[in-house]
Amino acid sequence: MKAKFWDKLAPSFDKNNTINPLLLETIKNYLSSQDNLLEIGTGTGQMAEALSESCYFIEASDFSPEMIARGKEKQLAPNINLSIQDAANLTFSDRSFEVVLAINILHVVSDIDQVLKEVHRVLKPGGYFISVVPIFKQNKLKFFLLSCLMKLMKFRLWSISDYRTLYTKYKFEIICEESISEDGSSILLIGKKE
């Protein structure tokens, strides 16, 4: 997916995205005040701002320059740094973060294997990889229409077992897997780096 697509969404991004309170509280349970957190696909930094009091430092990154520019206009908490990053080619040193957060981005990245390699590389041993992924299991007509749109946009249509396999492949022990939506279409996965 091209950055220009997301650049066009930046002006209305915060209006169309609200933070799930259950998700926020669950993520906070895996953070400490000493943690350095990397968020990939931060958008305008909305989740980073909500987590800013729960960790020491947050590197909130996105590959859309316009999303990052909008985030900087918001004057986020002083322990947040916004940066333009390609999740498949991160500029950080090995073992730089205790936590990596990826909310609703794994299904849209072009090279998911490379992204997981990078997440594993920048996480400290025992660190947490926290992601939210969409699971497509609606009724047949709705699924068919959604799958056509997703394929057109080159988004991934995976089951939860596909994501489990990916976590295992890149040496993340799944320690939490729970639905964070009433219809079961969004799943929170937390993996601990082995």
Side-chain angles (χ1 to χ4, degrees), residues 1-7 9-10 13-14 17 19-20 23-24 26-28 30-31 35-52 54-72 74 76-77 79-125 127-134 153-156 158 162-163 166-167 169-172 174 176 180 186-193:
M1 185 62 35
K2 304 277 187 214
K4 289 181 182 183
F5 172 84
W6 299 104
D7 285 346
L9 298 178
F13 190 77
D14 287 341
N17 289 286
I19 296 174
N20 177 322
L23 173 63
L24 182 63
T26 302
I27 292 170
K28 285 181 179 181
Y30 289 89
L31 301 177
D35 285 345
N36 292 306
L37 180 147
L38 168 63
E39 183 181 14
I40 53 178
T42 192
T44 62
Q46 188 178 35
M47 180 59 84
E49 181 70 17
L51 294 171
S52 64
S54 299
C55 33
Y56 180 74
F57 174 75
I58 299 175
E59 183 69 35
S61 68
D62 202 288
F63 82 141
S64 164
E66 188 59 29
M67 289 285 190
I68 295 300
R70 294 280 174 163
K72 288 181 177 180
K74 293 165 53 173
L76 300 175
N79 65 331
I80 298 172
N81 183 61
L82 289 158
S83 64
I84 300 168
Q85 295 279 333
D86 176 356
N89 189 24
L90 298 169
T91 61
F92 309 108
S93 299
D94 295 357
R95 301 181 192 103
S96 297
F97 301 95
E98 285 80 14
V99 179
V100 175
L101 183 62
I103 298 177
N104 290 322
I105 70 148
L106 293 181
H107 66 292
V108 301
V109 296
S110 57
D111 188 347
I112 194 167
D113 283 290
Q114 185 58 36
V115 170
L116 267 284
K117 285 178 189 174
E118 283 294 278
V119 168
H120 192 273
R121 183 183 67 77
V122 301
L123 257 181
K124 292 182 178 179
Y128 297 113
F129 176 41
I130 303 172
S131 67
V132 173
V133 294
M153 298 179 76
K154 297 183 180 170
F155 288 177
R156 220 166 259 99
W158 279 12
D162 293 323
Y163 287 105
L166 188 72
Y167 264 58
K169 179 180 179 182
Y170 290 101
K171 307 287 190 232
F172 293 106
I174 296 174
C176 176
I180 58 163
S186 287
I187 303 293
L188 170 67
L189 278 175
I190 302 177
K192 187 173 184 177
K193 181 178 175 179

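Bear in mind that the values here come from a model prediction, so they are computed numbers and not experimental data.
Closest of all the heavy-atom pairs between L37 and C55 is CB-SG, 4.2 Å. Contact detail for D62 and G43: the closest heavy-atom pair is OD2-N, 2.7 Å. Between T91 and Q85 the shortest heavy-atom distance is OG1-NE2, 2.9 Å. Among all heavy-atom pairs drawn from G41 and I105, the shortest one is CA-CG2, 3.8 Å. Taking every heavy atom of both residues into account, A50 and I19 meet most closely at CB-CD1, 3.7 Å. Closest non-hydrogen pair, I80 versus A60, comes out as CG2-CB, 4.1 Å.
Separation of atoms CZ (F63) and OG (S110) is listed at 7.5 Å; rounding is to 0.5 Å. To the nearest 0.5 Å, atoms CG (L116) and OH (Y163) are separated by 10.0 Å. Atom CD1 of I130 sits about 6.0 Å away from atom CG of L101, to the nearest 0.5 Å. Atom-to-atom distance recorded for I103:CD1 and M47:CE is 3.5 Å, nearest 0.5 angstrom. Put simply, NE2 on H107 and CD1 on I112 are 10.0 Å apart, with the number rounded to the nearest 0.5 Å. Atom-to-atom distance recorded for S52:OG and N79:CG is 5.5 Å, nearest 0.5 angstrom.
For E118, the side chain to side chain donor-acceptor pair (under 3.5 Å) criterion is met by R121, not counting sequence neighbours. Applying the ring pair (Phe, Tyr, Trp, His ring centres under 6.0 Å) criterion to F129, with sequence neighbours excluded, gives Y167, F172. Residues meeting the salt bridge (Lys or Arg N to Asp or Glu O under 4.0 Å) test with K28, sequence neighbours left out: E25. Here D35 pairs with S32 under the side chain to side chain donor-acceptor pair (under 3.5 Å) rule; sequence neighbours left out. In this structure, F57 has no ring pair (Phe, Tyr, Trp, His ring centres under 6.0 Å) partners at least two apart in sequence or on a different chain. Every residue two or more places apart in sequence or in another chain that forms a side chain to side chain donor-acceptor pair (under 3.5 Å) with E39 is listed here: T42. The salt bridge (Lys or Arg N to Asp or Glu O under 4.0 Å) test applied to E98 returns K124, not counting sequence neighbours. In this structure, the side chain to side chain contact (heavy atoms under 4.5 Å, CB included) partners of S96, at least two apart in sequence or on a different chain, are F92, S93. In this structure K169 satisfies the side chain to side chain donor-acceptor pair (under 3.5 Å) test together with D113, sequence neighbours excluded.
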Could you check V109 against I40 for side chain to side chain contact (heavy atoms under 4.5 Å, CB included), going step by step and ending with a plain yes or no?
CA-CA 11 Å; V109 296; I40 53 178; over 6 Å; no
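Counting heavy atoms from C-beta outward, N20 and V132 have side chains that stay 4.5 Å or more apart.
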